[in-house]
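Right, one structure below, let's go through it.
Residues: numbered from 1 along the sequence shown. Note: hydrogens, waters and symmetry copies are ignored here, and every other heavy atom, side chains too, is used.
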Amino acid sequence: MKNMDMQDFTRPLINRNAKKVILLVLDGLGGLPAREGPDKGKTELEAAYTPHMDSLAQASACGLHMPVAMGIKPGSGPGHLALFGYDPVRYPIGRGILECLGLGLDITGNDIALRCNYSTIDGGLIRDRRAGRIPTPDSGKLTTKLQEDIKDIDGIEVTFSPGMEHRFAVRLRFPEPLAKGAADINDTDPQETGKAPLEPVGASEKAREVAAVASKLIARIARLLRDEHVANYALLRGFSQLPDMPTFEEATGMRPLAVAAYPMYRGVARLVGMQAPALEGDLREEIDFLKENYDKYDFFFVHVKKVDSFGEDGNFDAKRDKIAEVDKFLPEILDLNPDVIFITGDHSTPAIMSGHSWHPVPVLLKSPYVLGGLCKGFSERECARGELGVFPTVNLMPLAMANAGRLNKFGA
């Protein structure tokens, strides 16, 4: 398919029907073996008590998928786009736009979107990149304070939107549409404590103009937060612009619903045209919402965030236990009797690495049309034995569509 990605290839083959597909995403699912303790030698998924996932895997097509490419650590944006069937290299998306969309901010061609972290700085060095994961009500008050004081910078409209815990979003709205590449600016988060924040630097003339505005924004935020003991600084991440891409329904023929509590993931869903209402709570609320809306849509993206959060915190036990908690809810999802269900993650976040990694992600796909019987359970090692092998993540959506009878034959 030279000069044609998977969506270009499958779009003419779409067959609309009433079959339903559920994608259950345990964010950051993949892991690596613990090096010590009672679970030594096991990954978080292997160590978790998951009788329902294990049983489902035995009757499913299993494998490992690569979100971007071998050796490449994907962000959550590219990881989810690939799960939805979009080539993340063809459609590079900054996390800022996902956060803004997820928090309900509209984005136009005049805008630069940012995903920001409250952080703790001491003596010019970052002590905590996430300000101790400041409680959401407290961070919301700080964001309101920033908005009251900062409404524009040099005539550029500045809009803040509070997120969850230490996160918030910023939209910079310029008077005229921005040229492509205006968001080619580095994050100011060095990704390590004990280092100074980075200066925003643009890769082009227009990007340098935007970076200058961002520098002034950082300085004003720092002045307003200087008396805070914990959240006394802000790190700017994911500079991004609105992309040009087909909607999920155009690409698959399915009416999609996103069931996600965290704004960034509602943002990536809205980016591709999914309905993504704001939700509060955790798994219980998400499953109830799924049940309430099951008759209204064809495709359901159900997102579980904390698996990834615990992995990023280096907390093996908490990640293991969160996976086990998800397993307890699986029978309720299966009782909906979806025609196709696949369970996976958007990337791997091994607790021993305290961050995203390049390792392939386990996946199971259950439908009446799989071989199955090759895996004893659901884990990285077991999925390596499965019929799907190791494959690009963008191929997962066509597999789901095919198993739901939503792709017609190619050629005579």
Side-chain angles (χ1 to χ4, degrees), residues 75 94-100 102-103 105 107 110-134 138-175 178 181-241 263-264 267:
R95 292 188 70 157
I97 197 166
L98 304 181
E99 194 78 5
C100 283
L103 291 171
L105 294 176
I107 301 295
N110 293 37
D111 300 335
I112 296 292
L114 293 164
R115 181 179 193 246
C116 309
N117 279 15
Y118 286 111
S119 58
T120 308
I121 195 168
D122 185 14
L125 302 180
I126 298 169
R127 183 156 54 86
D128 189 328
R129 295 172 50 239
R130 301 182 180 93
R133 293 193 184 275
I134 179 174
D138 295 341
S139 67
K141 292 177 183 177
L142 291 179
T143 307
T144 299
K145 175 182 177 180
L146 296 181
Q147 183 67 86
E148 289 173 349
D149 190 87
I150 307 173
K151 293 181 169 57
D152 76 274
I153 294 176
D154 296 341
I156 309 305
E157 179 185 320
V158 181
T159 302
F160 293 82
S161 187
M164 297 184 72
E165 297 178 328
H166 56 285
R167 301 181 182 90
F168 65 99
V170 170
R171 182 187 67 198
L172 302 176
R173 176 158 287 175
F174 289 73
L178 294 166
D184 291 344
I185 302 168
N186 62 284
D187 293 352
T188 67
D189 182 358
Q191 298 290 319
E192 292 182 42
T193 56
K195 290 189 174 183
L198 302 174
E199 287 293 324
V201 178
S204 66
E205 182 178 353
K206 188 60 184 179
R208 285 189 285 274
E209 293 178 16
V210 176
V213 174
S215 292
K216 293 180 180 180
L217 175 64
I218 293 168
R220 289 184 63 174
I221 290 174
R223 284 198 297 272
L224 288 169
L225 299 179
R226 63 182 179 273
D227 294 330
E228 297 292 329
H229 295 295
V230 178
N232 61 5
Y233 198 76
L235 299 171
L236 309 188
R237 307 168 62 191
F239 288 80
S240 49
Q241 296 172 263
M264 204 283 286

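- Results of the side chain to side chain contact (heavy atoms under 4.5 Å, CB included) test with Pro200 over Ile218, Leu114, Leu236 single out Ile218 as the only residue that passes.
- Annotation: side chain of Met264 is in contact with side chain of Arg95 (closest heavy-atom distance under 4.5 Å).
- Judged by distance alone, the side chain of Ser139 and the main-chain N or O of Ile134 form no donor-acceptor pair under 3.5 Å.
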*Evaluate the side chain to side chain contact (heavy atoms under 4.5 Å, CB included) criterion for residues Asp111 and Leu172: first the C-alpha distance (whole Å), next the side-chain angles of each, then the deciding distance (0.1 Å), finally the verdict.*
CA-CA 6 Å; Asp111 300 335; Leu172 302 176; over 6 Å; no
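- Without hydrogens or angle criteria, Lys206 side chain to Leu178 main chain gives no donor-acceptor distance under 3.5 Å.
- A distance of 4.5 Å separates CD1 in Ile156 from CZ in Phe174, rounded to the nearest 0.5 Å.
- At distances below 3.5 Å, at least one donor-acceptor pair connects side-chain atoms of Asn110 with backbone N or O atoms of Pro175.
- The only option from Arg173, Arg171, Gln147, Lys151 that meets the side-chain hydrogen bond (donor to acceptor under 3.5 Å, both in side chains) definition with Thr159 turns out to be Arg171.
- Here Leu105 contributes atom CG and Glu99 contributes atom CD; the two are 10.0 Å apart, rounded to the nearest 0.5 Å.
- Remark: Arg208 does not engage Glu205 in a salt bridge, criterion side-chain N to carboxylate O under 4.0 Å.
- Although no hydrogens or angles enter the test, the distance criterion places no donor-acceptor pair under 3.5 Å between the side chain of Tyr233 and the main chain of Gly124.
- Between Glu199 and Thr188, every side-chain heavy-atom pair lies at or beyond the 4.5 Å cut-off.
- For the side chain to side chain contact (heavy atoms under 4.5 Å, CB included) criterion with His166, the lone passing option out of Leu235, Asn117, Thr120 is Asn117.
- Between Phe160 and Leu217, the closest heavy-atom pair is CZ-CD1, 4.0 Å.
- In this structure, CZ in Arg226 is found 14.5 Å from CD1 in Ile121, a value given to the nearest 0.5 Å.
- Between the CD1 atom of Ile126 and the OG atom of Ser119 there is a distance of 6.0 Å, given to the nearest 0.5 Å.
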*Between Val230 and Asp128, does a side chain to side chain contact (heavy atoms under 4.5 Å, CB included) hold up when you go through it step by step?*
CA-CA 8 Å; Val230 178; Asp128 189 328; over 6 Å; no
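- With hydrogens and angles ignored, the 3.5 Å screen pairs a side-chain donor or acceptor of Gln241 with a backbone N or O of Ala182.
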